[in-house]
Amino acid sequence: MSSPRLHPRTIEAVKERADIVEVVGEHVVLKKKGKEFVGICPFHDDKSPSMTVSPAKQFYYCFSCGAGGNSLKFLMELKRQSFSDVVLELARKYSLPVETLDAPQQERLKEQLTRRDKIHRALALASGWFRANLRSPIGAAALNYLQKDRGLNNGTIELFELGYAPNKWDALISHLQQVENIDINCLEMAGLVVARKGGDGFYDRFRERLMVPIHDRQGRIIGFGGRSLEGVEPKYLNSPETEVFEKGKHLFGLDKAADPIRRADCAIVVEGYFDVIALHAAGVRHSVAALGTALGSQQITQLCRCCDSRRIVLNFDADGAGIRAAQRAIGEVEQQALQGQIELRILPLPEGKDPDDFLKLQGSANYLALVEQAPLWLDWQIEQVLIGMDLNRADQFQQVVKALVELLGKLPQSALRSHYLQRVAERLSGGQSRMALQLEEDLRQQVKGQRWHGRSSRHGQPGEAGIRERAEAALLRLYLHAPAVRAEIRRELRTRDLEDFGIPHHRKLWLVINELEESKLGIVEIEDICRGSSPGEALMDIDIAKLLSDHLLETNTALLQRLSELLEPSELQDLNLINPTQHLRGTTASLERQRVIRRCRHLIEAWGSQRLQSLEHCISLLLEADRIQPANNDDGEQRIDLLFNELNADAIRFQELYYNERRYLTELDAQRCA
């Protein structure tokens with residue numbers, strides 16, 4: 001029986017996931033040597049390590065027998081298996097969805113590949129036309145802006161293939177159709193033109209803008225970023241997502257930065273196209289930019305493949321949007337950073353400058369010096385908690401302590417936790433050593449009580465996972481089919497800290513929804529809606545159910561099948577959409593109730609683990625102390641109470657926390673009943 005014909009998506013997913021060091025390391029003892037690994041070659045009678053494995057290049061090579069290749073080639077040679085068998089084995093190992101091709105699918109795939117080739121060609125021709133415009137009289141103002149305002153020389157302008165789109169409605173259409181004979185449907189698929197309302201023709205997407213082409217790792221143009229020159233909003237207009245362009249999978253400048261990142265063993269991630277261009281022009285060539293979305297796990301993986309130390313420095317703008325983007329990027333890779341899989345650092349430039357402005361004033365040497373000194377992500381987050389807070393005010397001090405306890409509670413290593421607990425206690429104490437010691441111990445106990453994270457499966461009960469899954473599904477169904485309450489749903493999720501969905505496929509779905517809506521409205525607007533500073537009316541105009549269905553049909557059919565009932569609710573489920581606000585309150589209260597119940601179980605366990613000291617024991621200790629040194633204070637009852645509270649402080653605190661949670665549970669039950 002012949003092996004199934006695998007879909008390219010499955011092959012690419014396996015290649016992306018199968019790290020060469022991990023694959024080879026399962027069969028060969030590898031030792032670190034500089035930036036690479038060495039081991040005994042399994043393909044010949046090797047006496048000393050002659051095989052080198054490069055994590056940066058994802059390649060192995062034996063200097064004795066000449067064997068070499070990627071992780072798939074290694075397993076094919078070692079196990080004498082076919083390509084398909086190796087891919088299937090790895091897909092099962094990593095729990096990746098497997099897609100196969102039948103004869104009709106193979107034909108469709110050939111058509112898709114042909115279509116993609118046409119799209120790449122259209123984008124390349126458009127780029128050539130934009131570049132020609134920049135050097136013509138019509139692009140004189142744009143060229144002057146690049147040379148005078150941005151300070152870019154001709155070499156940098158040519159390196160990044162910068163161009164200009166004139167202020168005409170159909171100039172690109174006319175050129176590509178009449179001169180290059182490109183079909184209008186191909187231009188639409190490439191995202192270069194937009195259909196007029198009513199279906200009456202097309203017009204150019206980019207007009208009177210500086211054009212910055214976006215390349216994939218192979219150097220092919222996959223999209224454009226267009227910067228407005230006359231203050232027209234939006235300031236930056238990007239290509240829509242197409243068959244060849246997915247924002248979450250690419251990084252601007254990575255085609256030029258991959259080798260410099262390997263040499264520097266460090267990747268700098270900035271916000272904008274021109275930040276990258278300015279850094280490369282100044283010689284800081286190991287820099288890239290995210291494409292209008294939060295830095296995602298796929299982009300992080302690409303950077304780690306180029307960087308042995310996995311050192312990634314985020315240098316986003318110091319304004320509110322930049323800080324939120326940094327926080328979201330941290331959230332994407334927090335677990336990897338906590339486990340030491342990547343070294344994540346945050347670079348805040350002085351006086352809130354962006355990289356371009358800083359380079360003009362201070363130069364690349366000072367910039368690189370700051371990169372070397374960039375604080376770890378956790379240090380930066382601690383500073384963010386403390387910014388603008390008056391620690392002399394009890395309410396603000398309490399807010400800071402609560403935020404820091406939540407932050408430090410994520411640390412899995414006790415030695416690292418101790419280090420940060422000591423540092424934070426010193427900051428909070430204002431240099432008072434005795435107070436610092438007491439604060440450190442208080443923080444340690446609070447972190448100990450917080451370590452469950454509110455999501456510990458250890459405190460779950462049979463059947464609760466099903467309740468959570470149904471509640472999350474109801475919430476997502478409401479978001480998809482009740483546009484009027486989308487902004488309210490986002491605010492509720494933020495207020496109740498429920499944005500991290502517990503069911504994996506729900507979490508993936510929410511991530512895709514965020515990416516689709518951010519591509520329409522931008523990260524800043526979505527964040528303002530979540531915080532309640534924007535009414536979020538624009539969310540109502542997005543047909544998110546259709547966008548989601550189309551997106552998953554192209555990228556993840558397995559996930560689409562699991563979520564079909566969310567996209568097509570039953571008649572009974574439609575009833576919940578009649579009063580969406582009331583249903584929202586009950587559903588979010590139900591989700592939060594589960595977390596509070598687990599918290600209560602945790603606190604009961606912690607409370608029960610404390611050994612209570614009796615009043616008799618307290619009296620005995622005081623009598624012994626009085627025998628050695630008589631006390632001047634005659635109020636024995638007060639002394640007993642103080643000692644009792646001191647010896648049983650942890651048990652009393654867990655008791656108070658437990659009863660607070662029980663009271664809140666009553667409030668949530670009232671919300672659910674309402």
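The shown structure was predicted, so the numbers you read here are calculated from the model rather than taken from an experiment. Start at 1 with the first residue, then count along the sequence.
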For the CD1 atom of I323 and the CG atom of D317, what is their distance to the nearest 0.5 Å? 10.0 Å
Can a donor-acceptor pair be found, under 3.5 Å and without considering hydrogens, that links the side chain of Q299 to the backbone of K249? no
Do any N or O atoms from the side chain of T587 and from the backbone of A474 form a donor-acceptor pair under 3.5 angstrom? no
Can you name the salt bridge (Lys or Arg N to Asp or Glu O under 4.0 Å) partners of R531, sequence neighbours left out? none
Charged N-O contact under 4.0 Å between E492 and R585: yes
What distance separates C307 SG from R262 CZ, expressed to the nearest 0.5 Å? 10.5 Å
Please determine whether side-chain hydrogen bond (donor to acceptor under 3.5 Å, both in side chains) holds for the pair S534 and E525, giving the CA-CA distance in whole Å, both sets of side-chain angles, and the decisive distance to 0.1 Å. CA-CA 7 Å; S534 170; E525 175 64 15; 2.7 Å; yes
May I ask you to decide if R263's main-chain N or O and H286's side chain share a donor-acceptor pair within less than 3.5 Å? no
Would you check, one step at a time, whether the test side-chain hydrogen bond (donor to acceptor under 3.5 Å, both in side chains) holds for R490 with N514? CA-CA 11 Å; R490 284 189 170 276; N514 273 291; 3.0 Å; yes
Sequence-distant partners of Q327, side-chain hydrogen bond (donor to acceptor under 3.5 Å, both in side chains), two or more places apart: Q381
Between E667 and R593 (salt bridge meaning N to carboxylate O under 4.0 Å), is one present in this structure? no
Report yes if the side chains of L279 and L359 come closer than 4.5 Å at any heavy-atom pair, otherwise no. yes
Is a side-chain donor or acceptor of E440 paired with a backbone partner of A425 at a separation under 3.5 angstrom? no
Nearest 0.5 Å please: distance from the CG atom of N366 over to the CG atom of L349. 11.0 Å
Has the side chain of S533 got a donor or acceptor atom that lies under 3.5 Å from a matching backbone atom of D528? yes
Closer than 4.0 angstrom, basic N to acidic O: yes or no for K31 and E36? no
Out of K508, E515, R507, which one pairs with L511 under the side chain to side chain contact (heavy atoms under 4.5 Å, CB included) rule? E515
Going from CD on Q432 to CE on M435, what distance comes out if it is rounded to the nearest 0.5 angstrom? 6.0 Å
Find out whether I382 and W377 are in side-chain contact, i.e. whether some heavy atom of one side chain is under 4.5 Å from a heavy atom of the other. no
E488 side chain reached by L584 side chain, heavy atoms, under 4.5 Å: yes
Quick check: does any side chain N or O of D265 sit under 3.5 Å from a backbone N or O of S309, one acting as donor and the other as acceptor? yes
Spacing of OH belonging to Y420 relative to CZ belonging to R427, to within rounding of 0.5 Å: 12.5 Å
Under the 6.0 Å and 45° cation-pi test, does R486 pair with Y479? yes
Please check: side-chain N/O of E22 versus main-chain N/O of D19, any donor-acceptor pairing under 3.5 Å? no
Do L439 and L437 have side chains that approach each other closer than 4.5 Å (heavy atoms only, starting at C-beta)? no
Has K33 got more than 12 heavy atoms of other residues, nucleotides or ligands less than 6.0 Å from its NZ? no
Is it true that the side chains of D442 and Q438 contain a donor and an acceptor less than 3.5 Å apart? yes
Using the ring of F358 (Phe, Tyr or Trp, six-membered ring only), decide whether K353 places NZ or CZ under 6.0 Å from its centre and within 45 degrees of its axis. no
How many angstroms lie between atom CG of L386 and atom CG of L428, to the nearest 0.5 angstrom? 6.5 Å
Side chain R345, main chain A374, donor-acceptor under 3.5 Å: yes
